[in-house]
Amino acid sequence: MAILVTGGAGYIGTHTCIELIRAGYEVIVYDNFSNSSPEAVRRTEEIVGQKITLIEGDILDKARMQKVFAENKIDSVIHFAGLKAVGESVGIPVKYYHNNITGTLLLLEVMQEYGVKKIVFSSSATVYGMNNPVPFVEDMPTSATNPYGWTKQMIEQILKDVYVSDPEWSIVLLRYFNPLGAHESGTIGENPNGIPNNLMPYITQVAVGKREILTVFGDDYDTPDGTGVRDYIHVMDLADGHVQAVKYAERHTGVEAVNLGTGKGFSVLEVIHTFETVNGVKVNYRIAERRPGDIASCYADVEKAKRLFNWETKKTLEDMCRDSWNWQSKNPEGY
Ligand code: NAD
Ligand code: WQD
């Protein structure tokens, strides 16, 4: 069973390849390295102890994708490829819409051409928008507040329409909450370009001495300690969730949105303090204004993932903090 993994050289993609290979799948990674490097795949090969088929290619390059489908017997696609920085998407919306949406449309055209009708798509908790109460349940109304979020929202709609047009499709829309951590080897992990936007890479870069101080965005939210609450999920649990989603798609047609989270929220201060305790390092921080667009609390209702996939997370916030630090401290400059 070969799975085409678009964006498979990236943070979540590499970790998912490990779990797919462990589960017995053959993996074909297709990535243009716009936010990753072949080195990440090389290290993933080291972890799994076997070669991974790696194709440098763009989802905007239809001819190249046709060649990949023509030359390989692909059963399912896991579609990670996309640009993902919320702030950047506000500055360069056309690039985000083109890359994420046009790229997905071209991928779907090629899948239709080759009769491949199973896809697991990387959506995001961002589609729950600003107005839903927590925990977020899959049938709540969705919305977006920035171009990145709109691309997720629109691709979900496109995929729902594809299923309506052809009920032989199996489509899983995975709504990830906040992935953290790294493979326990510490050889692969999250490797943001430039100044990190997300909390954990910022914490690890402060801890390793690359950045001076972490800014905590607001301590006046309606949460237990006033700082933002999020559902942090270990990337290896997330990776396993993809294997279960692929298996589900093999057995069922339809289109299903499924949350991948732990169902528990932790505040920014809880993450910082857990990181300090588990790793025995200090993280300098200061409280500042809220970041525009942030919500107070975001965590998942995880009942559907359990019911459909028989999947739930195993790892703790302590594991996430330890593994993020293991990766960063062993690789202060990334790959
Ligand atoms: P990542 O940037 O590490 O991985 C994305 C990969 O896609 C990169 O390797 C990049 O080079 C590749 N890519 C981008 N555009 C491409 C194109 N046109 N053609 C081929 N390859 C292309 O990001 P990630 O954190 O691993 O995220 C994977 C997916 O999950 C993305 O779609 C992202 O939007 C989604 N997601 C991520 C998070 C998160 O917090 N990390 C949360 C929710 C959803
Ligand atoms: C987490 C908490 C911040 C940085 C983003 C995307 C979302 C999804 C996951 C892709 C918040 C606080 C952060 C910092 C801080 N990605 N924070 N100082 O915003 O929940 O979600 O990544 O789909 O779409 O929006 O994640 O890690 O940026 O923030 O205080 O330097 O940490 O305010 O409460 P977020 P995050």
Side-chain angles (χ1 to χ4, degrees), residues 5-16 29-38 40-41 55-61 64-65 78-87 89 95-96 98-100 102-104 106-107 121-129 144-146 148-149 151-152 155 174-180 188-193 195-203 205-206 211 213-219 221 223 227-233 235 238-239 242 260-261 265-269 271-272 285-299:
V5 185
T6 75
Y11 171 47
I12 305 170
T14 43
H15 290 83
T16 299
V29 170
Y30 186 84
D31 201 301
N32 67 356
F33 304 125
S34 59
N35 196 37
S36 57
S37 67
V41 178
I55 298 165
E56 179 168 3
D58 200 306
I59 52 168
L60 293 168
D61 184 346
R64 184 137 184 83
M65 286 195 287
I78 303 183
H79 180 32
F80 291 109
L83 299 172
K84 65 161 182 177
V86 171
S89 79
K95 184 165 183 191
Y96 268 68
H98 185 54
N99 190 77
N100 293 5
T102 313
T104 301
L106 292 173
L107 172 66
F121 171 63
S122 301
S123 188
S124 167
T126 194
V127 300
Y128 290 108
T145 51
N146 56 72
Y148 168 73
T151 69
K152 295 300 179 194
I155 294 167
L174 293 179
R175 294 179 179 162
Y176 314 152
F177 283 69
N178 291 55
L180 299 187
I188 61 169
E190 189 172 9
N191 187 32
N193 275 327
I195 302 171
N197 301 301
N198 298 111
L199 179 61
M200 185 54 82
Y202 213 105
I203 290 178
Q205 291 197 9
V206 170
R211 316 221 166 254
I213 192 161
L214 169 75
T215 305
V216 174
F217 297 134
D219 67 349
Y221 285 105
T223 60
T227 64
V229 165
R230 296 289 181 274
D231 185 337
Y232 297 100
I233 172 170
V235 67
L238 192 62
H242 287 76
L260 293 186
F266 288 99
S267 74
V268 176
L269 292 180
V271 175
I272 295 171
Y285 68 88
R286 67 182 178 93
I287 308 288
E289 292 297 294
R290 293 181 179 192
R291 183 172 64 178
D294 275 356
I295 54 175
S297 295
C298 168
Y299 52 90

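In each ligand, atom 1 is the first atom listed, and ligand 1 is the first ligand listed.
With a heavy-atom cut-off of 4.0 Å, K152 touches ligand 1 through its side chain alone. Only the side chain of Y148 comes within 4.0 Å of ligand 2, counting heavy atoms alone; its backbone N, CA, C and O stay farther away. Under 4.0 angstrom from ligand 2, the non-hydrogen atoms of L199 come from both its backbone and its side chain. At a 4.0 Å heavy-atom cut-off, ligand 2 touches L214 through the side chain alone. The backbone of T215, and not its side chain, has at least one atom closer than 4.0 Å to an atom of ligand 2 (non-hydrogen atoms only; backbone = N, CA, C, O). If you look at Y285 next to ligand 2, there are no close heavy atoms at all, none under 4.0 Å.
Nearest protein heavy-atom contact of atom 11 (O) of ligand 1 is D31 OD1, 2.7 Å. When hydrogens are left out, the protein atom nearest atom 28 (O) of ligand 2 is R291 NH2, 2.8 Å; that is the closest non-hydrogen contact. Ranking the protein heavy atoms by distance from atom 3 (O) of ligand 1 puts Y11 N, 2.8 Å first. Protein heavy atom at the shortest distance from atom 15 (N) of ligand 1 is N99 ND2, 3.2 Å. The nearest heavy-atom contact from the protein to atom 8 (C) of ligand 2 is S124 OG, 4.0 Å. When hydrogens are left out, the protein atom nearest atom 13 (N) of ligand 1 is N32 OD1, 3.4 Å; that is the closest non-hydrogen contact. Among protein heavy atoms, the minimum distance from atom 12 (C) of ligand 2 is reached at V268 CG2, 3.6 Å. Here the protein heavy atom with the shortest distance to atom 25 (O) of ligand 1 is K84 NZ, 2.8 Å. For atom 33 (O) of ligand 2, the nearest non-hydrogen atom of the protein is D294 OD2, 2.6 Å. Shortest contact from atom 5 (C) of ligand 2 to any protein heavy atom: N198 ND2, 3.6 Å. Atom 24 (O) of ligand 2 has as its closest protein heavy atom T126 CB, 3.4 Å. Looking from atom 5 (C) of ligand 1 to the surrounding protein, the closest heavy atom is G82 O, 3.9 Å. Summary of contacts: the protein heavy atom closest to atom 31 (C) of ligand 1 is F80 O, 3.2 Å. When only non-hydrogen protein atoms are considered, atom 2 (O) of ligand 1 lies nearest to N35 ND2, 2.7 Å.
Heavy-atom separations between G103 and ligand 1 are all 4.0 Å or longer. Note on ligand 2: R230 sits in its first shell, one or more heavy atoms being nearer than 4.0 Å. Using a non-hydrogen distance threshold of 4.0 Å, G57 registers as a contact of ligand 1. Using 4.0 Å as the threshold, T6 has no heavy atom nearer than that to any atom of ligand 1. Proximity of G8 to ligand 1 is not established, as no heavy-atom distance is less than 4.0 Å.
Those atoms of ligand 2 with a heavy atom of V216 less than 4.0 angstrom away are 30 (O). Within ligand 2, counting atoms from 1 as listed, the ones closer than 4.0 Å to a heavy atom of N197 are 4 (C), 28 (O). Short contacts between ligand 2 and V86, defined as distances under 4.0 Å to a heavy atom of the residue, involve ligand atoms 6 (C), 25 (O). Under a 4.0 Å criterion applied to the non-hydrogen atoms of G228, ligand 2 contributes the atoms 34 (O).
When every heavy atom of M65 is checked against every heavy atom of L107, the shortest pair comes out as CE-N, 3.6 Å.
For the pair R230 and Y299, the cation does not sit on the ring face, since its NZ or CZ is not both under 6.0 Å from the ring centre and inside 45° of the axis.
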Practice task
Start with the C-alpha distance between V271 and L199, add both sets of side-chain angles, then the distance that settles side chain to side chain contact (heavy atoms under 4.5 Å, CB included), and finish with yes or no.
Solution key: CA-CA 9 Å; V271 175; L199 179 61; 4.1 Å; yes

Problem - Working for side chain to side chain contact (heavy atoms under 4.5 Å, CB included), residues L269 and I272 - result: CA-CA 5 Å; L269 292 180; I272 295 171; 4.2 Å; yes

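Between the side chains of H79 and S122, no donor N or O sits under 3.5 Å from an acceptor N or O.
Checking V206, N178, I195 against atom 35 (P) of ligand 2, the nearest heavy atom belongs to N178. When F266, Y232, F217 are checked for heavy-atom proximity to atom 2 (C) of ligand 2, Y232 turns out nearest.
Between Y96 and Y148, the angle of the ring planes goes over 60°, which puts this pair in the perpendicular group of the 30/60° scheme.
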